[in-house]
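As structure tokens, the structure follows; a few thoughts come after it.
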2 protein chains.
Amino acid sequence: MSVPLSEAERRISVFSQALRRSGLRLTHQRLEVARELAGDDTHPDVEKIYEGVRRRVPTISLDTVYRTMGALVELGLVDRVNATPGPTRYDANPTRHHHFVCTRCGLIRDVYSGDLDGVRVPDETHAMGTVESVKVQLRGICAECSRKMRTRH
Amino acid sequence: MSVPLSEAERRISVFSQALRRSGLRLTHQRLEVARELAGDDTHPDVEKIYEGVRRRVPTISLDTVYRTMGALVELGLVDRVNATPGPTRYDANPTRHHHFVCTRCGLIRDVYSGDLDGVRVPDETHAMGTVESVKVQLRGICAECSRKMRTRH
DNA sequence: GTTACTGCAAACTTTTTGCACGACA
DNA sequence: TGTCGTGCAAAAAGTTTGCAGTAAC
């Protein structure tokens with residue numbers, strides 16, 4: 001949803017090459033999971049990915065989707081997004097970005113911002129460990145939920 | 001763990017008042033859960049809180065802890081921290097802060113930083129919805145895990 | 001032809017819920 | 001005393017795992 005076709009195709013190709021390069025087999029199921037992720041920027045959970053793939057591969061099982069997601073995370077191709085309660089959601093966007101999270105409906109939208117990318121790690125944290133990534137989470141209520149709340153109350 | 005006693009006492013008092021003010025009953029169990037949270041800044045999960053309280057109230061049940069945490073979140077006294085896979089962790093620190101998260105062991109440490117507090121919400125996000133809080137997550141490997149990795153490999 | 005992957009089923013972990021008894025206000 | 005909260009048990013939700021057959025290389 002709303003990932004440009006060229007970008008989606010590029011992602012599928014990256015996925016395929018990364019699987020092959022790491023010695024994993026490029027199965028029909030894995031390719032279709034990759035295809036599903038490549039075109040979806042709504043940060044879907046496993047169930048949603050499963051439903052999407054099942055339209056094209058009706059025999060795929062939920063546990064294969066779980067295992068495929070595990071492999072893609074392991075390879076660093078996909079991130080787990082733990083921003084909401086409930087099922088784990090996945091992020092296949094390799095471009096540096098941050099997240100707007102609706103605390104009401106669980107919507108997660110990618111936010112691109114040079115300012116946010118520029119956030120500096122405080123010196124204080126060096127004693128805690130090595131920082132590998134800085135992610136800004138903007139939590140609030142999405143426009144759709146605001147509208148619904150205004151209408152009902 | 002490492003919450004000053006004065007701050008812990010202040011938190012217990014805030015919890016008690018908030019429960020009363022909202023018409024909820026101040027039960028023995030709720031008070032002991034509050035006491036447990038007040039002195040713990042490790043962002044414990046329900047199981048950990050349960051174990052702690054059980055030392056003082058051996059008859060408390062796990063589902064009461066779940067229900068109490070739900071109530072405290074509802075009242076805005078506690079935040080759910082969804083930064084790690086596995087059980088939901090809770091944050092009873094009312095002071096503005098951010099998180100260092102170890103992706104290896106799940107350690108979460110509070111980070112206080114004027115720079116991070118000053119992060120501005122990009123204009124772009126106004127179309128997405130209303131931002132209520134900005135949280136920076138510093139993900140990496142904690143000192144303890146780094147040490148263990150160096151020793152073994 | 002091997003070996004890794006899949007689908008099935010069952011188990012496991014985390015969280016929620018219905019109900020009857022007990023405790024707070 | 002009335003009602004809300006608790007503990008128990010069971011169920012629901014989300015995820016992982018063992019195994020035998022199947023498909024990728």
Side-chain angles (χ1 to χ4, degrees), chain A residues 15-36 43-75 77-90 106, chain B residues 15-36 43-75 77-90 106:
Chain A
F15 282 14
S16 306
Q17 284 170 32
L19 283 173
R20 244 190 242 107
R21 205 173 332 109
S22 62
L24 297 175
R25 289 179 183 171
L26 185 56
T27 64
H28 183 41
Q29 290 89 335
R30 284 179 179 162
L31 192 60
E32 290 302 331
V33 168
R35 201 189 298 286
E36 192 64 28
H43 314 83
D45 58 26
V46 164
E47 193 72 41
K48 175 110 182 299
I49 299 163
Y50 173 59
E51 282 167 19
V53 174
R54 206 147 62 129
R55 283 200 290 266
R56 283 169 280 125
V57 188
T59 56
I60 197 170
S61 70
L62 189 58
D63 30 299
T64 291
V65 181
Y66 271 108
R67 281 188 268 229
T68 301
M69 294 316 296
L72 294 177
V73 169
E74 205 73 19
L75 293 175
L77 296 170
V78 161
D79 273 346
R80 278 189 237 266
V81 183
N82 292 104
T84 52
T88 299
R89 302 188 41 191
Y90 293 89
Chain B
F15 282 14
S16 306
Q17 284 169 34
L19 283 172
R20 242 189 244 107
R21 205 172 333 109
S22 63
L24 296 175
R25 289 180 184 169
L26 186 55
T27 63
H28 183 40
Q29 291 89 333
R30 284 178 179 161
L31 192 60
E32 290 302 330
V33 168
R35 200 188 299 286
E36 192 65 27
H43 313 83
D45 58 25
V46 165
E47 193 72 40
K48 175 109 184 299
I49 299 164
Y50 173 58
E51 283 167 19
V53 174
R54 207 149 61 129
R55 284 200 291 265
R56 281 169 281 123
V57 188
T59 56
I60 197 170
S61 70
L62 189 57
D63 31 299
T64 291
V65 180
Y66 270 108
R67 282 188 266 228
T68 301
M69 294 315 296
L72 294 177
V73 169
E74 207 72 19
L75 292 176
L77 297 170
V78 161
D79 271 346
R80 277 189 239 265
V81 183
N82 291 105
T84 53
T88 298
R89 306 199 25 200
Y90 294 88

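When reading the values below, keep in mind they use all heavy atoms of this one structure, side chains included, and skip hydrogens, waters and symmetry mates. In what follows, chains carry the letters A, B, and so on, assigned in the order in which the sequence lines appear, proteins first and then strands, with residues in each chain numbered from 1.
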Check step by step if side-chain contact (heavy atoms from CB on, under 4.5 Å) holds for R30(A) and L19(A).
CA-CA 9 Å; R30(A) 284 179 179 162; L19(A) 283 173; 4.2 Å; yes
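At whole-Å resolution of the value, CG in L24(A) and C1' in dT6(C) are 14 Å apart. When the P atom of dG5(D) is taken as reference, atom CG of L31(B) falls 15 Å away, rounded to whole Å. Separating the OH atom of Y90(B) from the P atom of dT15(C) is a distance of 6 Å, rounded to the nearest angstrom. Atom-to-atom, CD of E47(A) to C1' of dG14(D) comes out at 9 Å; the value is rounded to the nearest Å. In this structure, CZ of R20(A) is placed 7 Å from P of dC25(D), rounded to the nearest angstrom. At whole-Å resolution of the value, CD1 in I60(B) and C1' in dG7(D) are 10 Å apart. Between D63(B) atom CG and dA10(D) atom P the separation is 13 Å, expressed in whole Å. In this structure, the CG atom of L62(A) is 14 Å from the C1' atom of dA10(C), given to the nearest Å.
For dG7(C), one of the phosphate oxygens OP1 or OP2 lies less than 4.0 angstrom from a side-chain nitrogen or oxygen of T64(A). Listed pair T88(B) / dT15(C) meets the phosphate criterion, a side-chain N or O lying under 4.0 Å from OP1 or OP2. The phosphate of dT16(C) (OP1 or OP2) has no side-chain N or O of Y66(B) nearer than 4.0 angstrom. Dashed line: the shortest gap from a side-chain N or O of T27(A) to OP1 or OP2 of dA4(C) is not under 4.0 Å. OP1 or OP2 of dC5(C) lies within a sub-4.0 Å distance of a side-chain N or O belonging to R30(A). In terms of phosphate contacts, Q29(B) brings no side-chain nitrogen or oxygen within less than 4.0 Å of OP1 or OP2 of dA23(C).
Y50(B) approaches S61(B) most closely through the heavy-atom pair CE1-C, 3.7 Å. I49(B) approaches E36(B) most closely through the heavy-atom pair O-CG, 3.9 Å. Scanning all heavy atoms of the two residues, the minimum distance from K48(B) to P44(B) falls at CG-CB, 3.7 Å.
Distance from the side chain of R25(B) is smallest to dC24(C) among dT15(D), dC24(C), dG18(D). Closest approach to the R67(B) side chain among dC8(D), dC25(D), dT15(C) is made by dC8(D) (side chain taken as heavy atoms from C-beta onward).
Under the 3.5 Å distance criterion, the side-chain polar atoms of R89(B) are matched with a main-chain donor or acceptor of G106(B).
Over its full length, the helix from dG1(C)-dC25(D) to dA25(C)-dT1(D) turns its helical axis through 40°, comparing axes from the five pairs at each end and rounding to 10°.
Exactly one of V46(A), D45(A), L72(A) qualifies for a side chain to side chain contact (heavy atoms under 4.5 Å, CB included) with Y90(A). That residue is V46(A).
Each of D45(B) and G23(A) has a nearest nucleotide on DNA chain C; the 5'-most of these lies closest to G23(A).
Using a 4.0 Å cut-off between a side-chain N of Lys or Arg and a carboxylate O of Asp or Glu, E32(B) and R35(B) qualify as a salt bridge.
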